[in-house]
Visitor: 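The structure is given below, and queries will be raised subsequently.
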2 protein chains.
Amino acid sequence: MTVTLADVAARAQVSPATVSRVLNGNYPVAASTRERVLRAVDELDYVLNGPASALAAATSDLVGILVNDIADPFFGIMAGAIQSEIGGPGGRAGGERLAVVCNTGGSPERELTYLTLLQRQRAAAVVLTGGAVENTAHATAVATKLRKLGEAGTRVVLCGRPPAPAPADADAVALTFDNRGGGRQLTEHLIGLGHRRMGYIAGPEERTTTRHRLEGHRDALAAHGIADDPARTVHGRYDRRAGYEATLELLRREPDLTAVVAANDTVALGACAALRDSGLRIPDDVSVVGFDDLPFSIDAVPALTTVRLPLADAGARAGRIAMGREEVPPGGIATIRGELMVRGSTGVPKGA
Amino acid sequence: MTVTLADVAARAQVSPATVSRVLNGNYPVAASTRERVLRAVDELDYVLNGPASALAAATSDLVGILVNDIADPFFGIMAGAIQSEIGGPGGRAGGERLAVVCNTGGSPERELTYLTLLQRQRAAAVVLTGGAVENTAHATAVATKLRKLGEAGTRVVLCGRPPAPAPADADAVALTFDNRGGGRQLTEHLIGLGHRRMGYIAGPEERTTTRHRLEGHRDALAAHGIADDPARTVHGRYDRRAGYEATLELLRREPDLTAVVAANDTVALGACAALRDSGLRIPDDVSVVGFDDLPFSIDAVPALTTVRLPLADAGARAGRIAMGREEVPPGGIATIRGELMVRGSTGVPKGA
DNA sequence: CTGTTAGCGCGTTCAA
DNA sequence: TTGAACGCGCTAACAG
C-alpha cells in the first residue's frame with residue numbers, strides 16, 4: 001500500500017539501514033549511493049513514517065506552542081514568530097519540524113491536556129506563551145508536568161510567562177514580560193498629566209499577567225501618594241466586551257473619572273466605545289490607555305497610548321532557544337521590558 | 001525509564017492487550033478489570049506513547065489546521081472554532097485528539113511542507129482554511145497531496161476555501177464563503193447610496209479570495225452600467241499597511257473618489273487612517289467598506305460597513321465534519337453566505 | 001471477556 | 001562504507 005523504507009531500499013538496491021542513514025544524514029554514505037537512494041525516494045514519492053521514526057528514535061519532530069487564545073493577535077503574533085524559527089530546516093529525517101500551536105482557551109484543564117498530548121507525542125520542545133493561572137493546584141500540576149517533559153528530553157520554554165516557583169521546573173527557560181514595570185509607566189504617565197481619579201479595568205483574576213499589571217498600577221499610585229480606591233478596579237476577560245461593560249460600571253460608580261487604564265489594548269478599545277456611547281470625548285473628557293500595542297491600536301481614534309511589548313522578537317527568541325539555536329539567558333530567566341507609546345488617547349484631565 | 005504499557009499490565013496483573021483495550025475502550029472489558037487497570041495507570045502515572053500507538057494502529061490522533069496568517073484574527077477565529085470541536089473527547093487512547101494549527105504564512109511552499117509533515121504523521125484529518133493560491137503548478141501539487149492524504153485515510157476539509165477543480169480531490173469536503181456575493185452586496189450598497197467613483201483595494205494577486213471579491217465588485221459595477229476603470233484597482237497584502245498605501249495611491253490617481261472598497265476589514269482600517277491623514281472625513285468625504293466583520297470593525301470610528309462572515313460557525317462545522325460528527329454537505333460542497341452590515345463608514349457621496 | 005502472538009516502519013547497534 | 005538483526009511500545013488478529 002504505502003511506500004516504506006524497505007521499498008526505497010529495494011529500488012535503490014541497498015539495505016534499509018542505508019536509506020535511513022541517507023535520510024537522516026547522520027552517518028557517512030558514499031555520494032553515489034546517496035544519489036541512488038534519493039532518486040528512489042523521489043521516484044517512489046516516499047514519505048517517511050513519522051510515528052515509526054519517532055518510536056525508533058524515541059523523539060519526534062513535533063514542537064508544541066501553547067496559547068491562551070488563538071483569536072487574539074497578542075498570541076497570534078508570538079505564535080507566528082515562534083513558528084517561523086522552528087518551522088525551518090533542522091529537524092530529523094526530511095529536515096523539517098512540525099511546529100504546532102495548541103489553543104487552551106485559557107482553560108487550565110486544556111492546558112494540562114495539551115501538555116499530556118505533547119508528552120505522549122514525545123515532542124521535541126514545548127513553548128508556553130502568555131500568563132499563567134495562579135491557582136496553586138493547577139500551578140503545581142503544570143510544574144510537575146513540565147518537569148516530566150524536561151526529564152523526557154523535551155525542551156521547555158516559557159514566553160511571556162513568569163517562571164514557576166523553583167525548583168519545580170528549574171530547567172525551564174523563561175522569557176518574561178515586565179508587566180509590572182509597564183503598568184507603572186502607564187499610570188505614571190497619567191499622573192504626570194495631572195490625573196488623580198483613574199479607573200482600572202483588570203483582566204481575569206488568578207492570572208499572573210492580570211496581577212502584575214495591576215500591581216504596577218498600584219505601585220505608581222502609592223509612589224505618588226494617591227489612595228487606591230478598590231471601587232475603581234473592575235475585573236473582566238481580556239476582550240472588547242469586558243472593556244465596554246467594565247467602563248460603564250466604572251462610570252456608574254464614579255462619574256467624574258478622568259482616565260481609564262485598561263488591562264490590554266483590546267479591552268481599551270471596548271472602553272473607548274463605552275465612553276463614546278456615554279457621550280464622553282477621548283481624551284478631552286476621559287483619557288484611555290491600553291497595553292501591548294497590538295497593530296490595531298494605532299488605528300483607534302484617537303490612537304491609543306499604550307506599552308509596546310516586542311511580541312515578535314520575544315517569540316522568535318523563544319523559538320530559537322527551543323531549537324537550541326540560541327544561548328539560554330543567565331539563570332534561565334530574561335525579563336523583557338515594554339516601551340511606553342504616548343499617543344492621542346491621553347491628555348491633561350478636564351479640570352486642569 | 002519511562003513507564004510502558006507492559007509495566008501497567010504487570011502492575012494490574014493483566015496482559016498488555018487488556019490494558020490497551022481499556023485505554024481505547026473499543027472492546028468489552030470487565031468492570032473490575034478496567035478498574036484495576038485504571039488504578040495502575042494512575043499509580044504509575046503512565047502516559048501512552050503516541051508514536052508507538054500511531055505506528056501500530058496506522059493512524060494518529062493528530063489533526064492539522066492550516067492557516068495563512070496566524071496573527072490575523074480572521075484565521076484565529078476559524079482555527080479556534082475548529083479546534084474546539086476537535087480537541088474534545090473522541091480520539092483514541094486517552095480520549096483526546098491533538099488539534100494543531102500550522103501557519104503557512106501564505107507561502108505555497110510552506111503549505112506543501114506542512115501537508116507533507118501531516119502526511120508523515122499520519123494525521124487523522126486536515127483542515128485547510130482561507131483562500132488558495134491560484135498558481136497552476138502549486139494548485140496541482142496541493143491537489144495531488146490532498147488526494148494522497150485522502151487515500152491514506154486522512155479526512156480533508158476545506159474551510160473558507162473553494163474546492164479544487166475535480167476530480168483532483170473529489171473526496172475533499174469544502175465549506176466555501178460566498179466572497180463574490182459579498183463583494184457584490186457591498187458595491188451595490190455603495191451604488192445605491194449614489195456612489196459612482198469607487199476605488200478598490202484588492203488583496204494579493206493569485207489568490208482565490210482576492211479574485212472572487214473583486215469579481216463581485218465588478219459584477220455590481222457591470223450590473224449598473226458603471227465603467228470599470230482599471231486605474232481604480234490596486235493590489236496589496238491583506239494588512240493595514242497595504243490598505244494605507246493603496247489608499248494614498250488611489251487618491252493620487254483620482255482625487256475625487258467618493259468611496260473606497262477594501263479587500264477586508266484590516267485593509268479598510270488602513271484605508272481609514274490614510275483618508276484621515278489626508279484630511280478627508282469618513283463618510284462625509286469618502287465612504288469606506290471592509291469585508292469579514294472582524295471584532296474590531298465595530299470599534300472603528302465610524303464603525304465599518306462590511307460583510308459578516310460566520311467564521312466561528314464555519315470553523316465549528318468544518319471541525320465536526322473533520323471528526324465525522326456531522327454529515328457532509330451534498331456534493332461535498334457548501335457555500336456560506338455573508339451578511340451585509342451597514343454601519344457608519346458609508347453614506348451618500350459628497351455631491352449628492 | 002482475556003491472553004498469546006505477530007507485526008507496524010524505522011533507527012541503531014554490531015559485524016563485515 | 002555497508003548490511004543484518006534486533007527492538008522501540010503498541011494494536012490487532014486469533015484463540016481460548
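To find a chain, count down the sequence lines: A is the first, B the second, and so on, and within it residues start at 1.
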Visitor: Under 4.0 Å: is that the gap between some side-chain N or O of A:Ser20 and OP1 or OP2 of C:dG11?
Guide: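 Checking A:Ser20 against C:dG11: at least one side-chain N or O falls below 4.0 Å of OP1 or OP2.
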Visitor: Measure CG/B:Leu55 against C1'/C:dG7 and give the value in whole Å, please.
Guide: 9 Å
Visitor: Which pairs with one or both residues in residues 122-135 of chain A pass side chain to side chain donor-acceptor pair (under 3.5 Å), sequence neighbours excluded?
Guide: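 Residue pairs with at least one partner in residues 122-135 of chain A: A:Glu134-A:Arg211.
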Visitor: Just grab all the salt bridge (charged side-chain N to carboxylate O under 4.0 Å, His left out) pairs involving residues 313-323 of chain A, residues at least two apart or on different chains.
Guide: A:Glu85-A:Arg320, A:Arg317-A:Glu326, A:Arg320-A:Glu326
Visitor: Starting at CZ of B:Arg21 and ending at C1' of D:dT11, how long is that distance when rounded to a whole Å?
Guide: 10 Å
Visitor: Report yes or no: does B:Thr154 contribute a side-chain atom to a donor-acceptor pair with the main-chain N or O of B:Ala124 at less than 3.5 Å?
Guide: no
Visitor: Have a look at A:Ala17 and say if it touches a base, only the backbone sugar-phosphate, or nothing, with a 4.0 Å heavy-atom cut-off.
Guide: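 A:Ala17: base contact, heavy atoms under 4.0 Å.
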Visitor: Atom CG of B:Asn49 to atom P of C:dG9: distance rounded to whole Å?
Guide: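 The answer, rounded to whole Å, is 17 Å.
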Visitor: Quick one: side-chain hydrogen bond (donor to acceptor under 3.5 Å, both in side chains) partners of B:Thr18, sequence neighbours excluded?
Guide: B:Ser15
Visitor: Look at the side-chain N and O atoms of A:Thr18 and state whether any lies under 4.0 Å from the OP1 or OP2 oxygen of D:dT2.
Guide: no
Visitor: Starting at atom CD of A:Glu35, determine the distance to atom P of D:dT1, rounded to an integer number of angstrom.
Guide: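 After rounding, the gap between these two atoms is 16 Å.
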Visitor: Quick one: do A:Leu62 and A:Arg97 satisfy side chain to side chain contact (heavy atoms under 4.5 Å, CB included)? Show the steps, please.
Guide: CA-CA 6 Å; A:Leu62 219 58; A:Arg97 286 194 185 269; over 6 Å; no
Visitor: Report yes if at least one side-chain N or O of A:Thr33 is closer than 4.0 Å to OP1 or OP2 of D:dT2; otherwise report no.
Guide: yes
Visitor: Which angle, rounded to 10°, do you find between the first-five-pair axis and the last-five-pair axis of the helix from C:dC1-D:dG16 to C:dA16-D:dT1?
Guide: 30°
Visitor: Which side-chain N or O atoms in residues 39-48 of chain A pair as donor and acceptor under 3.5 Å with protein atoms at least two apart or in another chain?
Guide:
from: A:Glu43; atom 1: OE1; to: A:Arg11; atom 2: NE; distance (Å): 3.2
from: A:Glu43; atom 1: OE1; to: A:Arg11; atom 2: NH2; distance (Å): 2.8
from: A:Asp45; atom 1: OD2; to: B:Lys148; atom 2: NZ; distance (Å): 2.1

Visitor: If you take atom types as modelled and just measure distance, does the side chain of B:Arg122 reach the base of C:dG9 with a donor-acceptor pair under 3.5 Å?
Guide: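 When only heavy-atom distances are counted, B:Arg122 does not reach the base of C:dG9 through any donor-acceptor pair under 3.5 Å.
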Visitor: What's the closest nucleotide to the B:Pro28 side chain, out of D:dG9, C:dC1, D:dC8?
Guide: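 The answer is C:dC1, which lies nearest to the side chain.
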Visitor: So, does A:Asn26 get its side chain near the phosphate of C:dG11, meaning an N or O under 4.0 Å from OP1 or OP2?
Guide: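 Looking at the OP1 and OP2 atoms of C:dG11, neither is under 4.0 Å from any side-chain N or O of A:Asn26.
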Visitor: Who are the side chain to side chain contact (heavy atoms under 4.5 Å, CB included) partners of A:Leu112, not counting sequence neighbours?
Guide: A:His138, A:Ala141, A:Val142, A:Lys145
Visitor: Rounded to whole angstroms, how far apart are CG on A:Leu23 and C1' on D:dT2?
Guide: 16 Å
Visitor: Rounding to a whole Å, what distance do you find between A:Gln13:CD and D:dG3:P?
Guide: 10 Å
Visitor: Check every atom of D:dT1, D:dT11, C:dC10 against the side chain of B:Ala57 and return the nucleotide holding the closest atom.
Guide: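 Comparing D:dT1, D:dT11, C:dC10 against the side chain of B:Ala57, the answer is D:dT11.
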Visitor: 5'-most contact on DNA chain C: B:Val14 or A:Leu5, nearest heavy atom basis?
Guide: B:Val14
Visitor: Closer than 4.0 Å, any side-chain N/O of A:Ser53 to the OP1 or OP2 of C:dG11?
Guide: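 Yes, such a contact exists.
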Visitor: Is the side chain of A:Thr113 donor-acceptor paired with the backbone N or O of A:Glu109 at a distance under 3.5 Å, no angle test?
Guide: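 Confirmed, A:Thr113 side chain pairs with A:Glu109 backbone.
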Visitor: Take the protein atom CZ of A:Arg36 and the nucleotide atom P of D:dT1, then report the distance between them rounded to whole Å.
Guide: 14 Å
Visitor: Give the nucleotide from the list C:dC10, D:dG3, D:dG9 with an atom nearest to the side chain of A:Ser15.
Guide: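 Per side-chain heavy atoms of A:Ser15, the pick is D:dG3.
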Visitor: Grab the OH-C1' distance between B:Tyr27 and C:dG3 for me, whole Å please.
Guide: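 Nearest whole value for this atom pair: 14 Å.
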